[in-house]
Structures are given as C-alpha cells and as structure tokens.
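For reference, the structure is listed below as structure tokens.
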Amino acid sequence: MKTRLLTVCVVIAGSFIGPGCFEHDRKEVIAVEQGPEPERYALPISVQPDSGRIGTTINLKCACFHPSWRYSVFFPGADDAVYVDCETAGTLSSVVPFGATSGPVTVPIERQTALSSTFRVTEQCDTLSITVKPYDITPGLTPKDSSIVDWQGRHCAWIAELHDDTVHIWRRYSTGEVVYEHHVKLLHGSVGPMPAIIAIWGVAIPDYPGTRVDTIRAGILKIQDWDTSAVMSGRFFGKPWVPYYLSNGTMAFWVDRRR
C-alpha cells in the first residue's frame, strides 16, 4: 500500500517538472517581419519640347514641383544632375546639359521619382574635348544672359584683350568669400568665321591661402557673334560637375568693343 502511494506521488510530481516547466524557462526569439522600404514610384512628367540640342531650355511639368524648392534633374549620359530652382508651381525649366543622350528625364522627389517619356537629344558631342560651333539655340543670347552681380551689387562685365590673332576674354567677380575668374582664350581667323579654341579655365581665390585653377578639357563653345571690333558673344556648355563654380557647367559671355 505504501509502495503504490509513493509511486503515484512520484508520477504526479513528475508532471510538474515535465515539458511544461521547461517551456516556461525557455527564452523564445520572436522574429518581427520588417517589410521592404517603400519603393520609389513614378510620377509622370510632361516635357516641352520633346527634343532639342545641347543648351536647349526645356520645361518639365509635374504637379509635385513646389515653388522655392530646388530640384535635381537627371539626363541620361550626363555626368551629374542639373540643379534647378522651381520658380513657377508645377514647372521646372532646365538646360539640356553637355553629354546628355536620348532617354527619360528623371527628378527625385523624396520617396518618389518624377519620370518623363523619352527626350530626344538631337546633337552629338565629343565628351573628351572642347569643340567650337555656331550658336543654334532659341531664344538668342542677350547681354543680360552673361550678367553677374557680385555680393556688393556691382555688375561684373567681360573684358576682351587682343594680341595679334589671340583673343582673351575673361571676367572676375566675388561672392564675398571667394573671388572667381572665368577665362576663354581663342585664336581668331584660323578656320573660317569661327575662332579656334586655345584654352578655357577658371580660377578660385578664397579669402585664405589656396588659389585653385581648373582647366576645362571637355565641352561645347557655341559662338553667336564673332566680330573682334564689335560684339563677341557665346555660351559654353561643359560637364555639370566641373568646375564646381560654373552653375550646371554653363556660362555665357558678351563683349561689345564698340563701347
């Protein structure tokens, strides 16, 4: 009788230290499912015109473009974005940069991407050298397009220096912290009515030691007017990222030697 009672007690006690008790002490790791980061989804952009040459101004329209915001506009083939300030709600005006090729134009907007249909670039360019071409962009270049006003409100005009057949066009302006210079040196009368390029370079002189000189090795110099005794004007289109002080890699010049 005593033996049977002891057996029953052992069996009952064993039931309290069985699997249920061990399960209570086990530390379970519960996997929390993390969904994928929300993907960018495309917003439609209408582009006008739908084709153009290097330097053409195009209008990109999307309801998500907000005034006073700055946007990065990406063209296929270009080395970097073109940075554009939105001046009118829903519209960005961007220049087709040097190196751009045909394809969709894209504009990142937070977790979205605005995407156009294919924009067709109608001009091929040598991305390894500087070429000189006639200006063939509408609207035409004006003196105002080349105007820079420095931090003190002074107009900084271009200067032309002629020596024999060499024409050196340059300007200087200050941002208050850095003095910048743009230089274009051309050979006049060597090949037809268009000048030949000798060199294009920029200089940055900060208010502390360390002057920087950048020689520009690739781009398109488009000449609108070329009369060494009157007006010399044109626009340069280079890589958006070099040199860093040329806005979107472009600059316009205008010199009137009749004044």
Side-chain angles (χ1 to χ4, degrees), residues 46-60 73-84 91-105 116-148 158 160 167 169 171 182-200 216-243 246-258:
S46 65
V47 54
Q48 298 173 345
D50 60 4
S51 64
R53 304 174 74 84
I54 302 300
T56 299
T57 297
I58 63 174
N59 291 320
L60 306 170
V73 181
F74 290 89
F75 289 79
D79 284 18
D80 199 1
V82 175
Y83 298 98
V84 177
T91 301
L92 299 180
S93 294
S94 175
V95 172
V96 179
F98 173 73
T101 56
S102 298
V105 180
S116 78
S117 56
T118 296
F119 176 80
R120 188 167 57 90
V121 178
T122 59
E123 178 178 28
Q124 295 182 343
C125 57
D126 183 351
T127 58
L128 299 178
S129 64
I130 296 177
T131 55
V132 180
K133 296 183 177 182
Y135 192 89
D136 56 357
I137 303 168
T138 301
L141 190 64
T142 68
K144 184 178 179 180
D145 295 324
S146 69
S147 175
I148 282 187
W158 288 86
V167 181
I169 301 172
R171 73 174 168 194
H182 298 153
H183 295 264
V184 180
K185 186 171 285 190
L186 301 161
L187 185 62
H188 170 63
S190 59
V191 182
M194 291 290 102
I197 190 73
I198 296 177
I200 298 180
I216 304 174
R217 304 186 185 280
I220 300 176
L221 179 61
K222 294 197 172 185
I223 302 294
Q224 176 174 274
D225 304 287
W226 191 254
D227 185 341
T228 55
S229 62
V231 176
M232 292 173 284
S233 67
R235 194 189 297 270
F236 175 76
F237 302 94
K239 295 182 179 180
W241 58 270
V242 60
L246 286 184
S247 176
N248 293 325
T250 69
M251 66 177 177
F253 68 89
W254 184 290
V255 179
D256 189 347
R257 289 177 55 80
R258 296 170 297 184

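Note that this is a predicted model, so its numbers are computed, not measured.
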- Tell me, do Ser93 and Asn59 make a side-chain contact under 4.5 Å, heavy atoms counted? yes
- Message: Which residues pass the side chain to side chain contact (heavy atoms under 4.5 Å, CB included) test with Thr228, not counting sequence neighbours?
- Response: Leu162, Val167, His188, Trp226, Met232
- Query: What residues form a side-chain hydrogen bond (donor to acceptor under 3.5 Å, both in side chains) with Thr118, not counting sequence neighbours?
  - Reply: none
- Taken to the nearest 0.5 Å, the spacing of Leu128 CG from Arg217 CZ works out to 12.0 Å
- Task: Please examine the side chains of Val255 and Val231, heavy atoms only from C-beta on, and report whether any two atoms are closer than 4.5 Å.
- Result: no
- If we only count heavy atoms from C-beta on, is the Leu221 to Leu186 side-chain gap below 4.5 Å? yes
- Interatomic distance, Leu141 atom CG to Ile223 atom CD1 [nearest 0.5 angstrom]: 10.0 Å
- Scanning both residues in full, the closest heavy-atom pair of Phe119 with Val47 reads CD1-CG2, 4.0 Å
- Heavy atoms only: give me the nearest Phe253-Ile169 pair and the separation to one decimal. CE1-CD1, 3.8 Å
- Message: Quick check: do Asn248 and Pro97 have side-chain heavy atoms less than 4.5 Å from each other?
- Response: no
- Kindly write out the residues that satisfy side chain to side chain contact (heavy atoms under 4.5 Å, CB included) with Lys185, not counting sequence neighbours, or none if the list is empty. Thr166, His168, Ile198, Trp201
- Query: How close do Ser102 and Val121 get, heavy atom to heavy atom, and via which atoms?
  - Reply: OG-N, 2.9 Å
- Item | side chain to side chain contact (heavy atoms under 4.5 Å, CB included) partners for Ser146, two or more places apart | Trp158, Ala252, Trp254
- Just grab all the salt bridge (charged side-chain N to carboxylate O under 4.0 Å, His left out) pairs involving residues 227-241, residues at least two apart or on different chains. Asp79-Lys239
- Item | Shortest non-hydrogen separation from Phe237 to Gly55 and the atoms involved | CE2-CA, 3.3 Å
- Taking all non-hydrogen atoms of both residues, which atom of Gly99 and which atom of Cys125 are closest, and how far apart? N-SG, 3.7 Å
- Message: Rounded at 0.5 Å granularity, tell me how far OG1 in Thr250 sits from CZ in Phe98.
- Response: 13.0 Å
- Please list, chain by chain and in numerical order, all residues satisfying side-chain hydrogen bond (donor to acceptor under 3.5 Å, both in side chains) with Thr122, sequence neighbours excluded. none
- Item | For Ser129, side-chain hydrogen bond (donor to acceptor under 3.5 Å, both in side chains) partners two or more places apart | Asp126
- Query: Hey, are the side chains of Val73 and Val105 touching, using non-hydrogen atoms and a 4.5 Å cut-off?
  - Reply: yes
- Item | Those residues that, when tested against Thr131, pass side-chain hydrogen bond (donor to acceptor under 3.5 Å, both in side chains) (two or more places apart) | none
- Note on the structure: Residue pairs meeting side chain to side chain donor-acceptor pair (under 3.5 Å), one or both in residues 46-58, sequence neighbours left out, come to Arg53-Asp136
- Task: For the pair Glu123 (side chain) and Ile54 (backbone), establish whether a donor and an acceptor sit closer than 3.5 Å, ignoring hydrogens and angles.
- Result: yes
- Task: Locate the shortest heavy-atom distance separating Ile216 from Pro243; write the atom from each residue and the value.
- Result: CD1-CD, 3.6 Å
- Message: Please determine whether side-chain contact (heavy atoms from CB on, under 4.5 Å) holds for the pair Val96 and Ile58, giving the CA-CA distance in whole Å, both sets of side-chain angles, and the decisive distance to 0.1 Å.
- Response: CA-CA 7 Å; Val96 179; Ile58 63 174; 4.1 Å; yes
- Message: By the definition side-chain contact (heavy atoms from CB on, under 4.5 Å), identify the one residue from Met251, Lys222, His182 that meets it with Phe236.
- Response: Met251
- Item | For Asp80, all residues meeting side chain to side chain contact (heavy atoms under 4.5 Å, CB included), sequence neighbours excluded | Tyr83, Pro240, Trp241
- Item | Phe74 side, atom CZ; Ser94 side, atom OG - distance, nearest 0.5 Å | 11.5 Å
